[in-house]
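A short worksheet on the structure shown next.
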Amino acid sequence: MSRQPLYAQIEDALLARIATGLAPGDRLPTEDQLIGEFGASRITVRRAVQNLVARGVVVTQQGRGTFVAERQLEQPLTALTGFVEDMAALGLGASAELVTAETVPASPAVAAQLDLLTGSPVDFIERVRLAEGRPVSFDQTWLPSGIAEGVVREDLENEPIFTLLEEKHGIPLREATYRLRATSATEHVGEHLQIAPGEPILLVERTTFTIGQKPIDYELLHYRGDAITFVTSLSRPAAGADR
């Protein structure tokens, strides 16, 4: 007889089913079915399911049941890479849906990031980024119009912006600053990520620089909160270093 608590046995049994046959979006047995199968109390069954929810393995939907969660992607923050490169590293096919591509006056916030005067022309691009057809990120990009002229008219559903800048326009990308914060989806963002307004998202603010610390690309990347985990590795300062 297993020495594990019954809730842990139920949890392991459900994990095994997910690993061997249940796909993302498949429904788990109901509470009553699990109670009957394992001879457990409702409290015990709920604890097992809640543990799986906390681990991101399943999601509960009020009035509908419990379902296998979509795969959580892990993206390392160790190098300056684009979405297509990130998904390729995970063995996933990446695609894009173009929402907006136009030249607009730079707002004060955008102008500050791109070292421009407010009102300067910038190319504004919005795209939904998908992994294996699943919306993962909604990207808003601003580029100085005079530096990478014509990018806004490129095939932005099939050509990554980083590739266009480097290979077609000869603009090397050297480094970027990242700012990450948790926030909630606006109606506009939620519509394109296929989530409800107010759902949690991860917002990445990224400014990319070319030679001479010249900013060339400013982006707001809105990631579904249930889709991705960012991973990095930090070293502790040597003993005796200032802390």
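Note that these values count all heavy atoms, side chains included, but never hydrogens, waters or copies made by symmetry. For the single chain, residues carry numbers from 1 onward in sequence order.
Side-chain heavy atoms closer than 4.5 Å link hydrophobic residues (I, L, V, M, F, W, Y) into clusters, and following such links, possibly through other members, connects Trp142 to Leu116. Placement of Tyr218 and Val122 within a single hydrophobic cluster is found when ILVMFWY residues are connected by side-chain heavy-atom separations under 4.5 Å, directly or transitively. Val53 and Ile228 are members of different hydrophobic clusters when ILVMFWY side chains are connected at heavy-atom separations under 4.5 Å. Under a hydrophobic-cluster definition in which Ile, Leu, Val, Met, Phe, Trp and Tyr are linked whenever side-chain heavy atoms come within less than 4.5 Å, directly or via other members, Leu193 and Leu98 are assigned to different clusters. Cluster annotation: Leu165 is connected to Tyr178 through the hydrophobic network of ILVMFWY side chains, with a link wherever side-chain heavy atoms come within less than 4.5 Å.
Residue Pro144 comes nearest to Ile216 through the heavy atom pair CD-O, 3.2 Å, listed as atom of the first residue, atom of the second, then distance. Leu202 and Ala182 get closest at one heavy-atom pair: CD2-CA, 4.5 Å. The shortest heavy-atom contact between Phe38 and Leu6 is O-CD2, 4.2 Å. Between Ala40 and Val45, the shortest heavy-atom distance links the atoms CB-CG2, 4.0 Å. Closest heavy-atom contact between Ala131 and Met87: CB-SD, 3.7 Å. Smallest separation of non-hydrogen atoms from Ala23 and Asp26: N-OD2, 2.7 Å.
In this structure a side-chain-to-backbone donor-acceptor pair under 3.5 Å is present from Arg27 to Arg64. In this structure, Glu132 contributes its side chain and Gly93 its backbone to a donor-acceptor pair below 3.5 Å. No donor-acceptor pair under 3.5 Å is formed between the side chain of Gln113 and the backbone N or O of Val110. Of the possible polar contacts, none joining the Glu205 side chain to the Leu220 backbone as a donor-acceptor pair under 3.5 Å is found. A donor-acceptor pair is defined here as one N or O able to donate and one able to accept, closer than 3.5 Å; no such pair exists between the side chain of Thr66 and the backbone of Leu28.
Here OH of Tyr223 is found 12.0 Å from OG1 of Thr229. Values are rounded to the nearest 0.5 Å. Note that OG1 of Thr210 is 11.0 Å distant from CG of Asp217, once rounded to the nearest 0.5 Å. Once rounded to the nearest 0.5 Å, the distance linking CD1 of Ile125 with CD1 of Ile161 reads 4.0 Å. The structure places OG1 of Thr60 at 11.0 Å from CG of Leu52, a figure rounded to the nearest 0.5 Å. The distance from atom CZ of Arg224 to atom CD1 of Ile195, rounded to the nearest 0.5 Å, is 6.0 Å. To the nearest 0.5 Å, atom CG of residue Leu77 and atom CG of residue Leu80 are 11.0 Å apart.
A search for salt bridge (Lys or Arg N to Asp or Glu O under 4.0 Å) contacts involving Arg47 returns nothing, not counting sequence neighbours. Contacts of Arg42 classified as side chain to side chain contact (heavy atoms under 4.5 Å, CB included), with partners at least two apart in sequence or in another chain: Glu31, Asp32, Ile35, Arg46. Under the rule for a side chain to side chain contact (heavy atoms under 4.5 Å, CB included), the partners of Glu102 that lie at least two apart in sequence or sit in another chain are Thr100, Val104, Phe124. In this structure Glu167 satisfies the side chain to side chain contact (heavy atoms under 4.5 Å, CB included) test together with Thr163, sequence neighbours excluded. By the side chain to side chain contact (heavy atoms under 4.5 Å, CB included) test, His169 is found to be paired with Val151, Glu154, Ile171, residues two or more places apart in sequence or in another chain being considered. Legend: residues meeting salt bridge (Lys or Arg N to Asp or Glu O under 4.0 Å) with Asp139, ordered by chain and number and at least two apart, are Arg129.
The ring-ring contact (aromatic ring centres under 6.0 Å, His included) analysis of residues 182-209, with sequence neighbours excluded, yields the pairs Phe138-His188, Phe138-His192, His188-His192. Identified under the side chain to side chain donor-acceptor pair (under 3.5 Å) test for residues 79-98, with sequence neighbours left out: Gln75-Asp86, Thr81-Asp86. Applying the salt bridge (charged side-chain N to carboxylate O under 4.0 Å, His left out) test to residues at least two apart or on different chains, none of the pairs has a partner in residues 104-128.
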Return all side-chain donor-acceptor pairs below 3.5 angstrom for residues 11-22, not counting sequence neighbours, or 'none' if the list is empty.
from, atom 1, to, atom 2, distance (Å)
Glu11, OE1, Asn51, ND2, 3.1
Glu11, OE2, Arg55, NH1, 2.8
Asp12, OD2, Gln4, NE2, 3.0
Arg17, NH2, Glu37, OE1, 3.2
Arg17, NH2, Glu37, OE2, 2.1
Thr20, OG1, Ala16, O, 2.8

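Atom CZ of Arg179 has more than 12 neighbouring heavy atoms from other residues, nucleotides or ligands inside a 6.0 Å radius.
Grouped with Phe67 in one hydrophobic cluster are Val59, the linkage being side-chain heavy-atom contacts under 4.5 Å among Ile, Leu, Val, Met, Phe, Trp and Tyr residues. By the 4.5 Å side-chain criterion applied to Ile, Leu, Val, Met, Phe, Trp and Tyr, Val84 is assigned to no cluster and stands alone.
Counting heavy atoms from C-beta outward, Thr208 and Pro215 have side chains that stay 4.5 Å or more apart. No side-chain heavy atom of Leu221 sits under 4.5 Å from any side-chain heavy atom of Leu203. Here the side chains of Glu159 and Lys168 are not in contact, with every heavy-atom distance at 4.5 Å or above.
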Practice item. Given ring-ring contact (aromatic ring centres under 6.0 Å, His included), test Phe83 with Phe162 step by step and report yes or no. Key: CA-CA 10 Å; Phe83 185 83; Phe162 278 9; over 10 Å; no

